There are 2 protein chains.
Amino acid sequence: MAENVLVVHGGGPTAVINSSLYGVLEEAKESGRIGKVYGAIGGSEGILKERLLDLMQFPEEKLQLLLQTPATAIGSSRYALEQEDYEAMVDIFRKHEIKYVLLNGGNGTMDTCGKIYEVCKDAGICVVGIPKTIDNDIAITDHTPGFGSAARYIAETTAEVGADVKALPIHVCVMEAMGRNAGWITAASALARKKPGDAPHLIYLPERPFNEEEFLEDVKRLYEEKGGVVVVASEGLKNGDGEPIVPPIFKTERATYYGDVSSYLANLVIQKLGIKARSEKPGICGRASIALQSPVDREEAVLAGREALKAAMNGESGVMVGFIRDETEDGSYRMHVELIPIKEVMMYERIIPEEYINERGNDVTDAFVKWCKPLIGGELKDMIDFKEYYEEKEGGSR
Amino acid sequence: MAENVLVVHGGGPTAVINSSLYGVLEEAKESGRIGKVYGAIGGSEGILKERLLDLMQFPEEKLQLLLQTPATAIGSSRYALEQEDYEAMVDIFRKHEIKYVLLNGGNGTMDTCGKIYEVCKDAGICVVGIPKTIDNDIAITDHTPGFGSAARYIAETTAEVGADVKALPIHVCVMEAMGRNAGWITAASALARKKPGDAPHLIYLPERPFNEEEFLEDVKRLYEEKGGVVVVASEGLKNGDGEPIVPPIFKTERATYYGDVSSYLANLVIQKLGIKARSEKPGICGRASIALQSPVDREEAVLAGREALKAAMNGESGVMVGFIRDETEDGSYRMHVELIPIKEVMMYERIIPEEYINERGNDVTDAFVKWCKPLIGGELKDMIDFKEYYEEKEGGSR
């Protein structure tokens, strides 16, 4: 019997989910025992509709484009599966001689993965999860493919916006970062800094209640000192009662469309402080940017795809590929893959721990920066600032 | 007497204004007749405060960083100069043996350039303008350094966001583009398309009155057809009475901070059509992105700097470096530099001509695409879409 593979994408895309698909395809080719690698066209709904495309038919140069294609090349869905859908799947897998089912997604998809595992247990079909989310909120794994690229994007972009604001320091710029209830991407903006005083000047995470008074105090003080202030704020900021500071503009069972936090905060600065302010909201732009993809993230995403298929071919099922960070003597970055029982990660949302947030709740700690830095894959580009040189050597106000 | 040069940056930055500065420095070195090249630290205000830094003292490897530094490395200002300021400048130029004054900026800066030219006429000091603006709204010149990179950014980003929206086609994404009263950047999003049906699906320019009813009709029709719709809208959209569709959030004499047009339109889609929608607003992110700098734009910015100094050394004054596009037999892109009398460009704002806008006012024409394409400097990256392949070969709805 031919051994076929099915890859399914769930939820919102990242800059490297297609890289994991590439990893599966490369592993399948090298293994010598796989017939077809089906992509489910349009996510889990694509399974039910038997919209299956064999990706092994495409030449290597086409497959390599996966490494530089954002979004998902096979499509995703937010279709809510019912119990009968899960049961129907087993027959579909059998019909297409699918022996290995790989689900690539975030918390919601890992939940689906666990449920498919349950119905496949007695059918000899192995089900393995490949983690994916820019939000980095999957439990147990040290980090999640997709996050490193989102982190590199926000870091490089914050550095660039910081340079822009400093060149003409007449306003407050509030940049919004994705991440829902988890502040990982917002926090990663701290990697923009090469020296003290660099942007971002304030970082607000959803893990701490947002205090408008303290925010305005901080902005005012920094504006008076610098003239140009860069704030990075999470889309998921909540007040002391746990309510979003801006009501969501659209809600479905599986997804929340957040209100414009950056726009709200910029307006607050204008109205309460009389200081010019503008907002930046590069949401999807960030998770779809290939130019600012992290090379480490891309390689790890390929690895996650390979390891998932390897595990399935070894008979593992009901597990997710996880990354465990190794302690190294010289402190350099190294990780290894472990298989994590899927029920330990299903629907659990991992947020930033307290030790990564400063006391006032307007910045991250050095420990966070140390943890995050290797994931963005190399230093940000060098820039030159003659204005700063002049001010340091010759003195004078801005 | 030593011949010194002064370079002054005005207004908001671009991704390549520092490349023009690099061009001036290279030309100065090669000429063998220039002593110092001063940067005015902090724009025209820096001249009055005599905050002058000689950039010739820096080694070549530092200067080359200018090519990859966004914002402005010497700083800019929006200081409103008075007549007495202009007169004071002549003495400052004399004191520092500055024979050539190069002002690098947009319409406002070219106005300043003309006024400095007037006071310098009898002092043997040559004053030349170097155009710069992402908005591309300077008169006579075919295009302006800074625009090509902003165009490449919006094109590549729209293509990436388009792929993201198509992978999970459940909403309308409204992206906002800078450009004030001129729609050039917004229009350049059309270069994202590689084939019919690609994003952007709708483009709204400030040159045409914005009609909410037609907008909602168009969005509804496309949503029903595609599921995922990408709209690119100018920050400067106005209604039939010439009023901004969203009131500006902050206004100064020299600058307007536009309201959040993308957020407003996304909310309109939600409220009037009940369709999910989200906004993207990568404003400063776009003008500061080095990863998506256009190589053609960068080269032309260097050239503009070189040519400005050459012109000044030739005794030209009261002129701006302009780009004139050549007709070529094979239709390939070529341009040459001409000097344009500064009074012909002062404060005049160039908007998109009618022949570049389609009849319904929701897209650009092929003539615009043909004009704009060479400026982004090469093709956008290739992507792969197995979902689209499946739908074309195997049929079936999204």
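Chain naming here is simple, since letters A, B, ... match the order of the sequence lines and numbering starts at 1 in each. This one's a predicted model, so the numbers in the text were calculated from it and none came from an experiment.
The minimum heavy-atom distance linking I41(B) with F386(A) is given by the pair CD1-O, 4.2 Å. Contact between Y389(B) and Q57(A) at its shortest, heavy atoms only, is OH-OE1, 3.5 Å. When all heavy atoms of A288(A) and E160(B) are compared, the closest pair comes out as O-CD, 3.0 Å.
Among G162(B), S279(B), P282(B), G39(B), the residue with the largest count of heavy-atom pairs under 4.5 Å with chain A is S279(B). Ranking P13(B), G11(B), A163(B) against chain A, the residue ahead of the rest is P13(B), based on heavy-atom pairs under 4.5 Å. Most heavy-atom pairs under 4.5 Å with chain A, from the set A291(B), G42(B), S289(B): that is S289(B). Per-residue heavy-atom pair counts under 4.5 Å with chain A were compared for G46(B), G43(B), A277(B), and the maximum is reached by A277(B). The residue among N18(B), L55(B), L292(B) with the most heavy atom pairs within less than 4.5 Å of chain A is L55(B). Considering only heavy-atom pairs separated by less than 4.5 Å from chain A, the leading option among T157(B), I290(B), L52(B) is I290(B).
A distance of 8.5 Å separates CG of D260(A) from CZ of R278(B), quoted to the nearest 0.5 Å. Atoms CG and CZ, on D164(A) and R287(B) in that order, are 4.0 Å from each other to the nearest 0.5 Å. Atom CG of D385(B) and atom OG1 of T69(A) lie 8.5 Å apart (nearest 0.5 Å). Annotation: the span from Y264(A) atom OH to S263(B) atom OG amounts to 14.0 Å, rounded to 0.5 Å. Atom-to-atom distance recorded for I384(A):CD1 and L67(B):CG is 11.0 Å, nearest 0.5 angstrom. How far CZ of R51(A) is from NZ of K387(B): 7.5 Å, rounded to the nearest 0.5 Å.
Contact of T158(A) with chain B is not made at all, since no heavy-atom distance falls under 4.5 Å. The parts of D382(B) that come within reach of chain A are both its backbone and its side chain, each placing non-hydrogen atoms under 4.5 angstrom from that chain. Heavy-atom distances place the side chain of F58(B), and not its backbone, under 4.5 Å from chain A. Only the backbone of I275(B) comes within contact range of chain A, with heavy atoms under 4.5 Å apart.
Judged as a salt bridge (charged side-chain N to carboxylate O under 4.0 Å, His left out), the pairs with a partner in residues 56-73 of chain B (not counting sequence neighbours) are, in order, K29(B)-E60(B).
Counting only distance, with no hydrogens or angles, the side chain of Q68(B) and the backbone of K381(A) share no donor-acceptor pair below 3.5 Å. One N or O on the side chain of E280(B) and one on the backbone of I284(A) form a donor-acceptor pair closer than 3.5 Å. Looking only at distances, no side-chain donor or acceptor of T72(A) sits under 3.5 Å from a matching main-chain atom of A167(B).
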